[in-house]
Structures are given as structure tokens and as C-alpha cells.
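As the structure is a prediction and not an experimental result, all values here were calculated from the model. Quick note: numbers below take in every heavy atom, side chains included, and nothing from hydrogens, waters or symmetry partners.
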Amino acid sequence: MRAVARRNAAATGGPWYASGLRFECVPDCGRCCTRHGSYAYVHLSDDDLERLAAHLGLASAAFRRRYTRRMGPDTVLRMNGSRCPFLDATRCSVYEARPAQCRTFPFWPDSLETPARWRALRRFCPGIGQGPLVPLDAIRAQLARHEGDS
């Protein structure tokens, strides 16, 4: 599907979201921190692991044992049931040190593949289609950050 999106972008001179997208995080929501279909895992880079461990005052090995598990070649955050272990009611308790995947939501490659995929996020994210227009260069920066840290 990504190949189709790339061909369409090349044919039209840019991605379908070239004119920008509206998104604004809704305070005290926390819905992106719970499982939703294929949005079920937080993948952690080595930088994410180090940053979170330091934030919590843990050695990296202790953080890994307590909060992560392996999923194939990836390290993922061990969820507490259907929610992130760092979700405190509706707020992130590690916000300053949150993983790149969390920092770049909702501007992920899969979410931006088609307009329908973007709109589908509205099922759990009330900020989709709301707030100020996020310009293409800011979206591309988030995509690069997401891909660089994953």
C-alpha cells in the first residue's frame, strides 16, 4: 500500500496531505495511550529506553525487566491490560521522556497512507480534524523523527 501512496504522491506532485492536516491534542484525553486495533504497541528505540530509564531513575536493565518485552526483533512497552503503564488517569506520567512513537502521534506513515486511514483515527482520537492546520513541512519533520527513532 505504501508503494501506491508513493506513486500517487509522485503523480500529483506531493502526498495527499500536501496542503496540511488539522490536528490538536485534546487535554486530558489519553485515548492514544490505550489499545485500539492495530494501535496496540509502543515500540521503543534504544534512545527511548535510555531516556525513560533515566527519567524514572532506573538502570537500563531494570527498566527493561520491569516495563518491556520482546516482540520479534523489537522491544515494546509492556502494557497494563489495554493501557500504557505510564498513563495516570488521562495524563502521561512520563510526558517529558515519552517515546518517539508517542511524540510523533498521529503523524505516522501508516496513519498518513490514505485519507481514509487518517479519518479512521477519529474513532479514538478527538483531535483529528481539529485545531490549527499542521503544514506539510511539520508533518514531514514528524515522519522523519518517527522513522529515525523507530
Side-chain angles (χ1 to χ4, degrees), residues 1-56 63 66-69 71-72 74-150:
M1 224 191 256
R2 285 192 183 141
V4 171
R6 281 192 293 271
R7 280 196 305 273
N8 289 342
T12 61
W16 66 267
Y17 50 86
S19 60
L21 292 168
R22 293 201 179 280
F23 172 72
E24 183 169 53
C25 193
V26 175
D28 295 322
C29 171
R31 293 182 193 164
C32 59
C33 305
T34 61
R35 290 183 188 207
H36 300 279
S38 63
Y39 294 97
Y41 302 100
V42 176
H43 295 263
L44 301 172
S45 69
D46 290 340
D47 288 343
D48 291 332
L49 291 163
E50 294 299 321
R51 188 173 51 254
L52 285 163
H55 183 78
L56 295 170
F63 177 84
R66 184 171 180 184
Y67 292 108
T68 71
R69 69 182 181 89
M71 193 171 88
D74 298 326
T75 300
V76 298
L77 197 57
R78 186 176 298 159
M79 301 293 270
N80 285 345
S82 65
R83 54 190 284 136
C84 175
F86 302 117
L87 184 62
D88 183 13
T90 59
R91 292 190 175 239
C92 177
S93 65
V94 295
Y95 188 81
E96 299 80 19
R98 70 195 184 281
Q101 181 176 328
C102 303
R103 292 173 187 269
T104 60
F105 180 82
F107 301 106
W108 300 343
D110 289 348
S111 300
L112 295 171
E113 205 162 305
T114 65
R117 300 274 311 252
W118 178 255
R119 287 190 305 271
L121 292 176
R122 284 192 225 160
R123 288 187 303 242
F124 68 88
C125 180
I128 299 296
Q130 304 300 315
L133 190 68
V134 179
L136 180 59
D137 60 339
I139 295 169
R140 284 185 169 148
Q142 291 287 30
L143 284 166
R145 187 175 188 186
H146 177 81
E147 291 176 355
D149 286 337
S150 38

Is Tyr67 close to Leu56 at the side-chain level, that is, under 4.5 Å between some pair of heavy atoms? yes
In short, Leu87 meets Cys92 closest at the heavy-atom pair CD1-N, 4.5 Å
Can any side-chain N or O of Gln101 pair as donor or acceptor with the backbone N or O of Tyr41 at less than 3.5 Å? yes
Provide the closest heavy-atom pair for Ala40 versus Met79 in the form atom of the first, atom of the second, distance. O-CG, 4.0 Å
Just list the side-chain donor-acceptor pairs under 3.5 Å for residues 20-31, sequence neighbours left out, or say none.
| residue | atom | partner | partner atom | Å |
| --- | --- | --- | --- | --- |
| Arg22 | NH1 | Gly131 | O | 3.0 |
| Asp28 | OD1 | Arg91 | NE | 2.7 |
| Asp28 | OD1 | Arg91 | NH2 | 3.0 |
| Asp28 | OD2 | Arg91 | NH2 | 3.4 |

Check the surroundings of atom CZ in Arg35: do more than 12 heavy atoms from other residues, nucleotides or ligands lie under 6.0 Å from it? yes
Considering all heavy atoms, the nearest Leu44-Pro99 contact: CD2-CG, 3.5 Å
Kindly indicate whether the side chain of Leu77, heavy atoms from C-beta on, has any atom under 4.5 Å from the side chain of Phe86. yes
Quick one: list whatever passes ring-ring contact (aromatic ring centres under 6.0 Å, His included) with His36, sequence neighbours left out. Phe124
For Phe105 and Cys32 the tightest heavy-atom approach is CE2-CB, 3.7 Å
Could you walk me through whether His43 and Val76 pass the side chain to side chain contact (heavy atoms under 4.5 Å, CB included) test, one step at a time? CA-CA 4 Å; His43 295 263; Val76 298; 3.6 Å; yes
Please name the residue in the list Leu136, Leu112, Ile139, Leu143 that meets the side-chain contact (heavy atoms from CB on, under 4.5 Å) test with Pro15. Leu136
Is the shortest heavy-atom distance from the side chain of Ile128 to the side chain of Pro106 under 4.5 Å? yes
Is the shortest heavy-atom distance from the side chain of Asp110 to the side chain of Arg117 under 4.5 Å? yes
Would you indicate whether the side-chain heavy atoms of Phe63 and Glu50 approach each other to under 4.5 Å? no
Any sub-3.5 Å donor-acceptor pair from Arg51's side-chain atoms to Ala97's backbone N or O? yes
Is a side-chain donor or acceptor of Ser45 paired with a backbone partner of Asp48 at a separation under 3.5 angstrom? yes
Does NZ or CZ of Arg103 lie under 6.0 Å from the centre of the six-membered ring of Tyr95, at an angle within 45° of the ring axis? no
If you measure from OG on Ser111 to NE2 on His146, what distance do you get to the nearest 0.5 Å? 8.0 Å
More than 12 heavy atoms of other residues, nucleotides or ligands under 6.0 Å from CZ of Arg140: is that the case? no
Could you pull out all residues at least two apart from Tyr17 that satisfy ring-ring contact (aromatic ring centres under 6.0 Å, His included)? none
Atom pair SG (Cys33) and CG (Asp88), whose distance is rounded to the nearest 0.5 Å: 11.0 Å
